[in-house]
2 protein chains.
Amino acid sequence: MKKLTMKEIAKLANVSQSTVSRVINGKEGVNEKLAKRVFDVINEVGFVPNKAAQTLKQNQSYIIGVCVTETYNPYFVELIDTLESVARNYGYNILLHNSKRNPILEWESMENFISRQVDGIIFVPTSDYNFEKISKLPIPVVSVTQTHEEFHSVGLDHYKAGQLAAKKFIYTNHKTFGMVGNIPDDKFFGFRDTLAENGFTFQMKNYITIKETSSNSYLIRQDIEDYLDRVTNLEFTSVFTTNDLMAVEFVKAVEDRGIKVPEDISVIGFDDTILSKMMGISSIHQPIEEMVKTTMKLLLDRIEKKVSSKKVQIKLEPTLIERKSSRLK
Amino acid sequence: MKKLTMKEIAKLANVSQSTVSRVINGKEGVNEKLAKRVFDVINEVGFVPNKAAQTLKQNQSYIIGVCVTETYNPYFVELIDTLESVARNYGYNILLHNSKRNPILEWESMENFISRQVDGIIFVPTSDYNFEKISKLPIPVVSVTQTHEEFHSVGLDHYKAGQLAAKKFIYTNHKTFGMVGNIPDDKFFGFRDTLAENGFTFQMKNYITIKETSSNSYLIRQDIEDYLDRVTNLEFTSVFTTNDLMAVEFVKAVEDRGIKVPEDISVIGFDDTILSKMMGISSIHQPIEEMVKTTMKLLLDRIEKKVSSKKVQIKLEPTLIERKSSRLK
DNA sequence: CTGTTAGCGCTTTCAG
DNA sequence: CTGAAAGCGCTAACAG
C-alpha cells in the first residue's frame, strides 16, 4: 500500500478530483458508471482519505477528547472501553488522556485536545482547579461519573449511593459504621445523613483515610494497615468503601488479622468492577453503558448545536449488588 | 477561549504570520522584541496551533496508532498506560483501538490509522489473518508482546516462560502437570518440551481449553467448570495458566470444590498483573516498561528513518514471581 | 452531472 | 531578520 491522494485516484479513474470526493462522500448525482470506476480504483489501491485535510477543511475532526483520572481502577477501563465503542458507532474516534489526578496534566490534555481540533470533550475532573478555564473552552464539554453545575454532566448520584449503603447496614442490624475513602464526599454525606436520620451518629474516628496519592493496591493497603495498627480494635461492624480497590484491600487486611468477613464485619464496595465480582464483595453498581450513552448523546447534541447551551446535569440511580461480604440480616 | 489562528495572533502582535510560526516553533533568528510580543499575545489569548494544519503541511502527525486485542486483562491496560506516557515524553499522542481479537476490526483500525495520518503503528496481532496487508502498510509497524518474523517486534520469550513454569514444577517435585489456555502456543511448547527433557510427558487430556471467545472472568470460569465437571478427578498436581484471569478463575473453581491451593495443586499464572498480586498467585512477570521503551525506540528509529528496514525481533526475558499459590518444595 | 477553483491553517522557501 | 506566497489534501461553491 502506498499513500495516495484523491488527485492520483482521479487520474487513475480518469475523472476530476471533485468527482472522487463526491463518490467517497456518497453525494448523489454522480453517474453510476463513473462512480463504479472510482470505487474500483479505490478498492484496488486501498485508498483512504486524509483526515487531517478533511479536518482542516471542514473544521470538524470527528475526534472526541477523553480525559480520565486513572486507569488503575478497572471501573475507568470499562468506562473508556464503552466510550470508545459508542463513539465509534457515531463515527467518532477517541483521543485518550490520563490526567493521573494531576490538574497540570489535566490542563495540558485540554490544550492538546484543542490543538488536535477535537469536536468535544468528555472528562473526569481531577478537582475544581481548572473548572473556570475548562468551562471557557470553545467546544462542548461534558463531565462524567459525577455531576457538576459548571458543566453539562452525567454521573451517578453519589449521595444516594451513600444512602443505599447506610440503609443496607441499618436493615441488617448493624449499630456501628465505618468508611474507607479519600476526603469526605457526597457518598460520605449520603452515608452519614442516612445514619443520622435513623438515630445513629457517624464517628469520624471510624473514617479510614486513603491518601489521594495512594493510587494502587499496595499503597491503599499501606494506608489501611496504618489505620489498623493505630486503632488496635475496630470499632465498627460495617464499612462502606468508596471504590472496589479499597474494599478488596480492606477485606484482605482484616482477614489477615483474623477478622472474618462478613461474620465480624460487613463490607460494601463501590463501582461493581471485576474486582468485587472476583472477590465476592458486595458493591454499588454503576450503570456504565447508560452513563456513556447519555453522555455521548448530550455531547453530540451540543456538537451539532441542536440544543440550547443551558448546562444540564443528569443523575443516574445507584443499585446495590449483594455478594458474600455483607451479612443478610 | 476562542479558536484563533496564527493570522489573528500575527495581527494582534503586529507581525507577519510566518514570524508567529517561527516563534512558536522556536526557530532562531527572530528579533527578541518581536518574539516577546508574540509570546505575550499567545499567552494572553491562550493560542494553540492547529495540529490538523501542521499534519497536512508536514506530512507528520505526531500520533502513533496503537491497537490492542482486549482491555479486560489488566496486563493490556498497563501496557497502554505505559505506551501513552513513553510516547508523550517523545512528543507523540496515542490513537487507541481495541480489535477485540477480531481481524475485521483489526484491519478497520489499520485503515483508520492511515486515514488519520499516524506516523507509526504498534499493535498486538489478533492472528496472522491480516499479516500480509499490515506488512505492506506505508508506515513503520511494530508488533508487541510476542515476536513475529513478519514485523519488527518486541515481546516476551513465551517459550522460555513455559520452560520457567515447567522447571519450577519439576524442582518442587510435581509429577503430573496441567495447563489452562486457548489453543497451544509457544508457552505450551516450552512447557511441554521442558517436561519431556526431564522425562515427563504432557498429557493433552490435562489441557483445559478456554475458548477464544471467553473474554471475561465469567466465561473463563464456565470453561473451567465444564472441564472440572467432565473429568470428576483432577489428574495433575500443578497447572500453568496462560494469563492471570485464568489462574484466578482456576483457583476459585477448584477451591469451591474443596481442592486446596497450593497443598493439593500448585498454580502459576502469567502476566503478573494486579490480579495475581491481589490473589497471591505465583505468576510469570512481564517487564512492561522495558518492553514499551524498546518498542517505542524501535518504532521512532524507523519513523525517523535512522536505520535500515531489515525486520528485527527482540525477545525479553521472563521471570517467575513466586507467591502462595505454588508450593516451595 | 462534472470540472475548475478557492481556501481551511500551517510551514517553508524565496525575496528583500 | 522579516514578509509574501506557494502548497499540503480535501470540500464545496460555482460555472458550464
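Letters A, B, ... are given to chains in the order of the sequence lines, protein chains preceding strands, and every chain is numbered from 1.
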Asks: Between S135(A) and E150(A), does any side-chain donor sit less than 3.5 Å from a side-chain acceptor?
Replies: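 Checked: S135(A)/E150(A) side chains show no N/O donor-acceptor pair below 3.5 Å.
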Asks: Is any side-chain N or O of S21(B) closer than 4.0 Å to OP1 or OP2 of dT11(C)?
Replies: yes
Asks: Any non-hydrogen side-chain atom of L79(B) less than 4.5 Å from a side-chain atom of V292(B)?
Replies: yes
Asks: Within the 3.5 Å criterion, strictly below it, is a donor on D185(A) or H158(A) matched to an acceptor on the partner's side chain?
Replies: no
Asks: In whole Å, what is the span from the CG atom of N59(A) to the P atom of dG7(C)?
Replies: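 After rounding, the gap between these two atoms is 16 Å.
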Asks: For dT11(C), take OP1 and OP2 only and decide whether either is under 4.0 Å from a side-chain N or O of N25(B).
Replies: yes
Asks: Considering just the side-chain nitrogens and oxygens of Q54(B), establish if one lies under 4.0 Å of OP1 or OP2 belonging to dT11(C).
Replies: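 The answer is yes; a side-chain N or O of Q54(B) sits under 4.0 Å from OP1 or OP2.
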Asks: Tell me whether the side-chain N/O atoms of K27(A) come closer than 4.0 Å to OP1 or OP2 in dA12(D).
Replies: yes
Asks: Expressed as a whole number of angstroms, how long is the span from N50(A):CG to dT11(D):P?
Replies: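 In whole Å, dT11(D) P and N50(A) CG are 9 Å from each other.
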Asks: Any donor-acceptor pair under 3.5 Å joining the side chain of K57(A) to the base of dG9(D)?
Replies: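 Per atom types, no contact qualifies.
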Asks: Whole angstroms only, please: what is the CD-P distance between Q17(B) and dT11(C)?
Replies: 8 Å
Asks: Measure CZ/F47(A) against P/dG9(D) and give the value in whole Å, please.
Replies: 10 Å
Asks: Given the rule in the ring-ring contact (aromatic ring centres under 6.0 Å, His included) test, do F113(B) and H97(B) qualify, once you have shown the distances and angles that lead to the verdict?
Replies: CA-CA 9 Å; F113(B) 289 155; H97(B) 279 252; 5.1 Å; yes
Asks: Strictly below 4.0 Å, N to O, side chains only: are K36(B) and E32(B) in salt-bridge contact?
Replies: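 A salt bridge is absent here (no side-chain N lies under 4.0 Å from a carboxylate O).
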Asks: In whole angstroms, how far is the C1' atom of dA6(D) from the CD atom of Q58(B)?
Replies: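 It works out to 16 Å between those atoms.
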Asks: Show the distances under 3.5 angstrom between N or O atoms of the protein and N or O atoms of nucleotides 13-15 of chain C.
Replies:
| residue | atom | partner | partner atom | Å |
| --- | --- | --- | --- | --- |
| dT13(C) | O4 | R22(B) | NH2 | 3.3 |

Asks: Hey, which of these two, V30(B) or K7(A), hits DNA chain D nearer its 5' end, going by closest nucleotide?
Replies: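 Closest to the 5' end, via its nearest nucleotide, is V30(B).
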Asks: I need the CG-P distance between L56(A) and dA12(D), as an integer number of Å.
Replies: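 Nearest whole value for this atom pair: 13 Å.
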Asks: Rounded to whole angstroms, how far apart are CD on E32(B) and C1' on dT2(D)?
Replies: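 Computing the E32(B):CD to dT2(D):C1' distance gives 16 Å.
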Asks: In terms of the nearest nucleotide of DNA chain C, which residue is placed more toward the 5' end: T19(A) or A53(A)?
Replies: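 With T19(A) and A53(A) compared, the 5'-side residue is T19(A).
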Asks: Determine: side-chain N/O of S16(B) to OP1/OP2 of dG3(D), distance under 4.0 Å, yes or no.
Replies: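 Checking dG3(D) against S16(B), a side-chain N or O does come within under 4.0 Å of OP1 or OP2.
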Asks: Report the distance from atom CD of Q60(B) to atom P of dT12(C), rounded to the nearest whole Å.
Replies: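 My rounded result for the distance is 11 Å.
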Asks: For F131(A) and F151(A), take the angle between the two ring planes, folded into 0 to 90°, and tell me which bin it lands in: parallel under 30, tilted 30 to 60, perpendicular over 60.
Replies: perpendicular
Asks: Any Lys/Arg nitrogen of R101(A) or E70(A) sitting under 4.0 Å from an Asp/Glu carboxylate oxygen of the other?
Replies: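 A salt bridge links R101(A) with E70(A).
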